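See below for the structure under consideration.
The figures that follow rest on heavy atoms only: side chains count, while hydrogens, waters and symmetry mates do not. Indexing begins at 1, ligand by ligand and atom by atom, following the structure's order. Fair warning: this is a prediction, and the values are worked out from it, not measured in the lab.
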Amino acid sequence: MKNLATDLKVLQMHSQPTPSIQTPTKSFHPIFPPLELKCSSLKDLQQIHAQLITTGFIHHSPSLTKFLSISFSLPSGTTSLEYACMVFNHTHQPNTVIWNTILRGLVRHNLANYAILAYVDMLQEPTTPPDRFTFPSLLKACTQSVAFSEGKAMHGQILKLGLESDLYTQTTLISMYAACGDVVSAQKVFDHLGQRKNKVVWTSMISGYATNRYPREALRLFTLMEEEEGLEIDEVTIATVISACADLKNLDYGKKLHLRIQQFRAKICVILGTALIDLYAKCGQMEDAREVFDAIPAKNVVAWSAIISGYAQNNQGEEALRLFKGMVGNADHKPNEITIMAVLSACAQIGDLTLGKWVHAYIDRGGMNYSTSLNNSLIDMYSKCGKIHVASEIFGRMKHKDIVSWNAMIGGLALHGLGEKAVAEFSLMQKAGIQPDDITFIGVLSACSHGGLLQEGLTQFRNMREKFGLTPKLEHYGCMADLLSRAGMLEEAEKFIQDMPMEPDGAVLGALLSGCRAYNNVEIGEKAAKRLLEIEPENDGVYVLLSNIFAKKKQWTEVRGVRNLMHQRGIKKTPGCSSIVVDGVTYTFTVGDHSHGESKEIHSMLNYVNKRLASAGHVAETSEVLLNIEEEEEKERSLSQHSEKLAVCFGLIKTEPEDEILILKNLRVCRDCHSAIKLISKLFHREITVRDRSRFHHFKDGSCSCQDYW
Ligand code: ZN
Ligand code: ZN
């Protein structure tokens, strides 16, 4: 007995009493002629339906099938779907063809669950056994609604019905198994087909491996397909294989395929182009990625998103933003969630808060849905652009928070030195029943370290293993070395590093070395630097820190020794550079920079600032100067022209008094600049934020949010 209508509650409303039926005039008909005409609305459908009833064609199976197919093909949103189901519900003893039509229609309208329920009804009718046209749409339904146990049960029925050699059914079976992650069963079905496999079967299996992250298997199968079967490959297959290469970062293989495509095709389709962009971006070859992107004649939003994400992932945020502006200016390409997330990540990278805010407003204007991932990206952008309170607000409003949300929030608070808040969020996270992971603990431990919460940090580090069963990784040991070193517990830090179960890396030893620099400990500092230089002889920062330690103690001979060593090894100090975004343009400054168009104004502002600083009693902290420049005056001059100071002066000239000045620095902000900027914030009544290599400094009214503890 059919009970589809009881399952389809929506459809019940449309159920009407069975229309009076005339007996058909003939037992065999061609299809009812009005069905060949164009039908574009529910009204047309109703008219044809009435004619079918009055002429008796309603009992003519091919005509009824055609009528149902037409009903399902009308655009969704009209009530034609409900109408079709209503007609079906009133059909007396529908045959297998009609059932198949209904199943296909429901799947087409994403009503996979209803399709499966309808199938259960179909099985109750002994006169309508399923056939080779029944299963492809049903298996698609199982994939759509993640009903894999039902799908597996259908596999049994397929075998019973002897459909194991039907290629169409078997291909959808492979796709179904691949979609539920069971590549082993997919491969079994595939193998069972023996020599009868066609291109579609091969492609389904290859893409099954590729989407389940078995890229090696995908490549192996592809080679087999080419060598043994000699099938001509199409663009979809190549695109799948290129994605597998992207996963493996196998640039050589991917490039070979690209060359082959170029040999027989002048133009690249958008699917293939996007796969290539992704491959090149993942392998860090942005120039190649761009060349492919430029060569795609009909770019869609997926291609745009791929190139923008590529630039963002390769730390070329500016180019990502430039492209995004181009995309928005072009009415044909509306950014989607993936584009927006890539753009927000680029804004976070280069600290472009203005554009970040614009994107946020764009999401609102476009009525885009605030998914969890989108909110997570916003939290990340706002916290990395210095607006931790906005990030907190968004986080607070989120209805569904996943682990990425919590990690972004805790990590953001850590970056801003808000240790206690980070720890508080961490306990809320546990109350919410979210199990912390490695990344959570990097956030928590670095929050303790930046916030000077020594005891809390030690406790959390212990809890990590004992309470949550997580094994600390190198990054966590780095946080702990940092925590102890910042607190001045240098001997404990040294011991902690000795007792580590793995070899310390540059970050761990670097933390100790920075601590030695802050607390002027030459003895431990020298040892740490020596070990560090064994691991990272190219790391210019180590030489700088070491020479700073000696300089602080006025051990000029040692300072010179370090300088000579650097010289011998051909190591150059990474120049400090600071950037500021004004009106969407990033301005970058190096020490003593005179290269800007408005250099004159900047330097006269710098002179003015320095005079005000001097009269307010600021004394330059000359110990920061790396090399032993004999004259104090010379030292002071190079300090006063540090990149962050130039960027601040540019900000003072170019922004409105009420605007906050946001500066990004590639290295740690130096001590002299730190105390100078504190004073500038007071003297000029400006809020200044500096994001350096490891954290934020918010300068306001003469003090900094880090409380001079960094
Ligand atoms: Zn400085
Ligand atoms: Zn600070």
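When the shell of 6.0 Å around CG of Asp583 is examined, it contains 12 or fewer heavy atoms from other residues, nucleotides or ligands. The neighbour count for Glu658 CD, taken as heavy atoms of other residues, nucleotides or ligands under 6.0 Å away, is above 12.
Salt-bridge annotation for Lys527 and Glu494: present, with a side-chain N of the basic residue lying under 4.0 Å from a carboxylate O of the acidic one.
Ring-plane geometry between Tyr587 and Phe650 is classed as tilted, the angle between the planes lying from 30 to 60 degrees on a 0 to 90 degree scale.
In summary, no N, O or S atom of His698 is located under 2.8 Å from the Zn ion (ligand 2).
Tested against His416, the residues His389, His698, His697, Lys384 include a single side-chain hydrogen bond (donor to acceptor under 3.5 Å, both in side chains) partner, His698.
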Between Tyr382 and Phe395, is a ring pair (Phe, Tyr, Trp, His ring centres under 6.0 Å) present by the stated rule, with each step listed?
CA-CA 11 Å; Tyr382 277 114; Phe395 181 73; over 10 Å; no
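Residue-level check: among N/O/S atoms of His697, ND1 sits closest to the Zn ion (ligand 2).
Side-chain contact of Asp437 with Asn407: a donor-acceptor pair under 3.5 Å is present, judged by distance alone.
Counting only protein N, O or S atoms, the number found under 2.8 Å from the Zn ion (ligand 1) is 3.
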